[in-house]
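The structure under discussion appears below in the form of structure tokens.
Every chain is numbered from 1 and lettered A, B, ... according to where its sequence line falls, protein lines coming before strand lines.
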2 protein chains.
Amino acid sequence: MSGPRYTIGVDFGTESARAMLVDVADGRELGVEVYSYSNGVIDERLPDPDSDVILGPDWALQDPNDYIETFKRTIPGVLAKTGVDPDGVIGIGIDFTACTMLPTKADGTPLCTLDQYRRRPHAWVKLWKHHAAQPEADDINRVAAEMGETWPARYGGKISSEWFFPKSLQILREDPEVYRAADRLIEAADWVIWQLTDVETRNNCTAGYKAIWSAEDGFPTNQFFAALDPAFAGVVDEKMSRSIARLGDVAGSLSERAAGWTGLRAGIAVAVANVDAHVSAPAATVTECGTLVAIMGTSTCHIVLSEGAPVIPGACGVVRDGVIPGLFGYEAGQSAVGDIFGWFVERCVPPVYHQRASDRGVSVHEILEEDAAALRPGQSGLLALDWWNGNRSVLVDADLSGLLIGMTLATTAPEIYRALIEATAFGTRVIIDAFEKGGVRIDRVVACGGLPERNRLLMQIYADVTGRTFRIAASAQTPALGSAMFAAVAAGPESGGYASIEEASRQMAHLRNEAYVPIEAHREAYDVLYGEYVRLHDLFGRGGDPAVKTLKRLRLQGVAEAAATSARLPSDQVGLT
Amino acid sequence: MSGPRYTIGVDFGTESARAMLVDVADGRELGVEVYSYSNGVIDERLPDPDSDVILGPDWALQDPNDYIETFKRTIPGVLAKTGVDPDGVIGIGIDFTACTMLPTKADGTPLCTLDQYRRRPHAWVKLWKHHAAQPEADDINRVAAEMGETWPARYGGKISSEWFFPKSLQILREDPEVYRAADRLIEAADWVIWQLTDVETRNNCTAGYKAIWSAEDGFPTNQFFAALDPAFAGVVDEKMSRSIARLGDVAGSLSERAAGWTGLRAGIAVAVANVDAHVSAPAATVTECGTLVAIMGTSTCHIVLSEGAPVIPGACGVVRDGVIPGLFGYEAGQSAVGDIFGWFVERCVPPVYHQRASDRGVSVHEILEEDAAALRPGQSGLLALDWWNGNRSVLVDADLSGLLIGMTLATTAPEIYRALIEATAFGTRVIIDAFEKGGVRIDRVVACGGLPERNRLLMQIYADVTGRTFRIAASAQTPALGSAMFAAVAAGPESGGYASIEEASRQMAHLRNEAYVPIEAHREAYDVLYGEYVRLHDLFGRGGDPAVKTLKRLRLQGVAEAAATSARLPSDQVGLT
């Protein structure tokens, strides 16, 4: 057929998923349809009718039916909304949170959908933010160190409790019957592709960043897994796959069943699954070395491409072809960014600013930004360490906590707000410095995610602090756009798509007009402040001063004591003489 | 006459003064009358009709007529209010802020009341918080170091811009004509006694703590003053007095003129003038060694007595007979205490707590205290350095600023509030430790001032942190009570008063019933936290880490730049590509 060609990108998030219909010619976003998962994040009890099954602390599950429901609702929805002829849709791609994984039967049936396992928490999808496998992560890191494994260097020295093998090992240890019943352990990203195509694939992005796989060395050895537990020795061969599909490839074609769910033509191309942060890079126009992609929201994820793979201390991972085929993709991260500003606005801003915001019908953030923008760099006299949720890159230490220094009786909320923005900018500069010191060049930054488009002051401060020009991706939904772009590559030129993600990016990805250029007059003060930041960062973050660790220990001890005995008010404790 | 005997204590504060009528037998407070100074604190322009005379930054003046007006209004007022027969009043005493000083003619006429000088700012009273003599204080400290003077050791190493000689030298330098016209330079405390008695006296408390005088060594030498300015060489002999009256002595008897102002009998005893903090010690029952008096309000002043006078690093001063005759009186201070809590409530507490306070008709402080009281020591994971207004004792550094460490995304306002209380308690413990290390024993604490009676949690935390039992003075107005007690001593037993301040204190001063006893279970966590506090205190306060100094420099630079150029919003600075 002739006429315009479209692809669909489906972005699976934490609370909801969205399908976006995109014009292949220029990336124009014709429409988006969102589905909020009916069972959301399952973190207290299993869904009805099994809600008497209580989950432990740090658990976070999802219901795989919500993913299927996403396809059934959002794709017909967006087709109807836009009036696009389904015959014009040439491909579909998806991205997912990661590591989000589940146990299934050999045919892909999730164990949690079977009557005999539905009341077993380990039979459900473990969401990325399921943090209950920390003991397993600790053991994996310890055994890796003992056995002299070389792969920890690729992951900043330590792997996270969020990753694939800690979650898998937790299943084995805590519910071996579910582990044995699981013919497959699979990323949800790959599982939904399996559901669309009837073909099981494993994408190299989650394998590389979350399952300790590399194109050169494959997975850790069976001996390594055996050292964790003899029953774990064969986890890869028994329940996973050593055949890893590459981003940009076709996973399969849309099955008749999935065509029935979605209203799309059976047989169209389905792309290999991708991860939300990584798929954003080409959607932010970045397919080459030299540009940092900052996906900025509650936290920030950084993606940067390189021709080589030098060890970068504190990076989250480096994977060949992990973002763009032919290049090494690095991931780094700041564990709280927007979350810190949100915390501040919710917990630390007095009524007068709320009143002003309400009077003018704007957010408290906007009021604070307005006042903060009138300050010169350094004028607040404040400096913060942005560790409200620990530090991912470059310190890889979840036990760190925040610091604010320089308060006087004249210190105001907008001053603190600006200091918190500056602190996250300094955190980004530390990461940029680590990359450049390691030999990975970063000349400019493209930001995407929710935060940049709403915060001009934040963008300018980031530019001033890092000395790099910041641009912003035109799309407010880079993950869905990126998935639609990979769908166009999967479809290929013969179907009206593209031969490569680079080409798709050139045609379909765009930047917003504005550029945030470093203001020379601000650089000097920020260089001085950054010097102070780095010294305090190293002092408190690298063991020079134990304060944050001691405080964390006292906090846990205090919380435990408070739980053990009912809190007493001091009125009980005052002796009358 | 027979019947009850009374004395009156007049407490001259910063914004107002109050007269209290007290029963000499038991210290019962029969009534208080307050006068708010008609010209308050003069810190922007001289009062009408000379309000076209603008004051510089850091200036703070008062109008001496407000002091006379105080006598005329408050004493008749409190007599009328209580119905007490003026013939029963046997004495009057006063206390004042210090150093608050003024230039007068030989007969005591303030220069600012003379037509030829009324438009000259230097002719007015310089209030204690007039901070515009910092260059003069710097010069005095520098010259003292150069000349190897021994007296700085008595004052924690440095004297303050608030003190007598910086203020006097500022007059000489900036308005030599006023300086030459001033036959006398005198503390306002002594000036009001002069007005009551027609006798000029100089009390040893302000002389000792604010004018570098000691019983052993007198004032600094004329050579020293000459080194500052040849015209300053004779300041003591020309404009002050080397005859220093001792606390507890009689300054004179009430003049006919002052009897006319007040309605009191002419001829009754008028006590030597005193200082608000120091006069509080006997009013808080403390006339002996071993007990720290903490006068806690916006800031905290500490008074402790000793038989010897070892050098205590960072104490504000040590004066023989400066508090209680026969003992050395030490003064130390924390430059912000209640001010920090006030700052926090005004600047950092979100609407939900204000709403709860308003719903229940209590203060936000009470709501925060309630939630904070439910926490265990250490449970917040927070630690602060209480330097929002610099640090007086023991670091003597006005350039320091506050620090808060340990914040997470779960940190709440009551947790921060408790951490701030704890920080000021740690600050007190540092001072106690400095005294004890120097050989001045501190076994227990008596608190007075506005803060203790309102804050049970604060008192308990102070007891837990310092390991000392805290008691609270029964009087909410210890300065006025103390002045009334010294009035009873001035009157003497022959008039129905007392032979000594110790005896007056035994009879007239009382403690509240409750005692805050350290809770053993809290000591361990607080010892650990205090260890962290001391390490950070020394690191940031003694030059180990320059962060706070660098931040202060950047702040001043930023403020100056902002003043020099109108603040630009980043919207001006975004280049469109």
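- In this structure, chain B has no heavy atom under 4.5 Å from any part of A:Gln355.
- The minimum heavy-atom distance between B:Leu551 and A:Gly406, with the atom names listed, is CD1-CA, 4.4 Å.
- Counting heavy-atom pairs under 4.5 Å between each of A:Gly402, A:Gly378, A:Gly342, A:Ala525 and chain B puts A:Gly402 at the top.
- Counting heavy-atom pairs closer than 4.5 Å to chain A, the top-ranked of the candidates B:Met459, B:His354, B:Glu346 is B:His354.
- Contact annotation: the side chain of A:Leu382 never approaches that of B:Arg555 to less than 4.5 Å [non-hydrogen atoms, C-beta and beyond].
- Using a 4.5 Å cut-off between heavy atoms, A:Leu409 contacts chain B through both its backbone and its side chain.
- Only the backbone of A:Ser380 comes within contact range of chain B, with at least one heavy atom under 4.5 Å from a heavy atom of that chain.
- Residue A:Val559 touches chain B through both its backbone and its side chain, counting heavy-atom pairs closer than 4.5 Å.
- A:Leu539 touches chain B through its side chain: at least one heavy atom from C-beta onward sits under 4.5 Å away, while N, CA, C and O do not.
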(message) Before you tell me yes or no, could you show the steps for B:Glu532 and A:Leu554 under side chain to side chain contact (heavy atoms under 4.5 Å, CB included), namely the whole-Å CA-CA distance, both residues' side-chain angles and the distance that decides it to 0.1 Å?
(response) CA-CA 11 Å; B:Glu532 302 297 304; A:Leu554 288 174; 5.7 Å; no
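- Contacts of A:Phe540 with chain B are made by side-chain atoms alone, with heavy-atom separations under 4.5 Å and no backbone atom involved.
- Ranking A:Thr550, A:Leu385, A:Val345, A:Val548 against chain B, the residue ahead of the rest is A:Thr550, based on heavy-atom pairs under 4.5 Å.
- For the pair A:Arg553 and B:Val528, the tightest heavy-atom approach, listed with the atom from each and the gap, is NH2-CG1, 4.0 Å.
- The greatest number of non-hydrogen atom pairs below 4.5 Å with chain B, out of A:Trp387, A:Tyr353, A:Trp388, is found for A:Trp388.
- With hydrogens and angles disregarded, a donor-acceptor distance shorter than 3.5 Å links the side chain of B:Arg347 to the backbone of A:Ala410.
- For A:Trp343, the part sitting under 4.5 Å from any heavy atom of chain B is the side chain, from C-beta outward, and nothing else.
- For the set A:Gly390, A:Pro546, A:Ala413, the count of heavy-atom pairs under 4.5 angstrom toward chain B peaks at A:Pro546.
- Interface residue A:Thr411: backbone and side-chain heavy atoms are both found under 4.5 Å from chain B.
- Heavy atoms of A:Gln557 lying under 4.5 Å from chain B are absent altogether.
- Proximity to chain A (any heavy atom under 4.5 Å) is shown, for B:Leu404, by both the backbone and the side chain.
- Ranking B:Ile461, B:Asn389, B:Ile405, B:Leu529 against chain A, the residue ahead of the rest is B:Ile405, based on heavy-atom pairs under 4.5 Å.
- The two residues A:Ser401 and B:Met407 make their nearest non-hydrogen contact at CB-O, 3.4 Å.
- Of all the listed residues (B:Asp545, B:Leu536, B:Thr412), the one sharing the greatest number of non-hydrogen pairs under 4.5 Å with chain A is B:Asp545.
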